[in-house]
Structure formats: C-alpha cells, structure tokens
Amino acid sequence: MDMSPEEFDARYQEALEKALAHMAENPEIAPSQFYSLATFLENLSIFSPVLYGLLIDSKKS
C-alpha cells in the first residue's frame, strides 16, 4: 500500500507528537534535556518531505 505525501506527513507528525508527549510525562528527563529533544523533534518535522522522498526512492530500487 502506497502512502501519499500528505498521509505520510500526518502520520509522521503524529508519531513525533506522541514521542514528545511521552518525554514530557517521563520524570527521568530533565527539563533542559526535554527542551533540547523537543527542538530536535521539531527540526525533524521540517524534513518530512525529504524523508518521504528517500523512502519512495528506496522502494523503487
């Protein structure tokens, strides 16, 4: 089953949000570490079209 870029982006964003929520609820993660990881995850979300393209290209090979 192929996924459209929009569907990939929506699922990718949902996964990143779940990871962020899980980290926020974890008392073992220090606030400064949480903010660094949140920034990293936000930056990853910018590259979802690139990741989608890489996945599609790898399927074609």
Side-chain angles (χ1 to χ4, degrees):
M1 178 172 111
D2 289 332
M3 205 182 302
S4 70
E6 293 80 18
E7 184 180 2
F8 176 82
D9 188 47
R11 288 185 181 190
Y12 188 68
Q13 292 296 331
E14 182 181 344
L16 291 178
E17 288 173 11
K18 284 182 180 180
L20 189 61
H22 181 69
M23 287 189 308
E25 295 170 356
N26 190 338
E28 294 179 7
I29 297 178
S32 61
Q33 188 179 23
F34 172 78
Y35 292 122
S36 296
L37 290 170
T39 302
F40 177 74
L41 289 176
E42 185 176 340
N43 288 334
L44 273 181
S45 69
I46 295 169
F47 293 103
S48 68
V50 174
L51 293 173
Y52 178 79
L54 289 173
L55 289 171
I56 294 299
D57 288 345
S58 70
K59 276 183 144 181
K60 290 178 183 176
S61 301

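Since this is a predicted model, take the numbers as computed values, not measurements.
Considering only heavy atoms from C-beta on, L55 stays 4.5 Å or farther from M3 through its side chain.
In this structure, CE on M23 lies 5.0 Å from CG on L20, to the nearest 0.5 angstrom. Taking CG from L51 and CD1 from I46, the interatomic distance works out to 12.0 Å, rounded to the nearest 0.5 Å. Atom-to-atom distance recorded for L16:CG and Q13:CD is 6.0 Å, nearest 0.5 angstrom.
When every heavy atom of S48 is checked against every heavy atom of Y12, the shortest pair comes out as CB-CD2, 3.4 Å. Shown here for N26 and E28, the closest heavy-atom pair between the two residues is OD1-N, 2.9 Å.
When the shell of 6.0 Å around CZ of F47 is examined, it contains 12 or fewer heavy atoms from other residues, nucleotides or ligands.
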Identify each donor-acceptor pair in which a side-chain atom of residues 35-45 lies under 3.5 Å from a protein atom, sequence neighbours left out, and give them as a table.
from	atom 1	to	atom 2	distance (Å)
S36	OG	S32	O	3.2
T39	OG1	Y35	O	2.9
N43	ND2	T39	O	3.3
S45	OG	E42	O	2.5

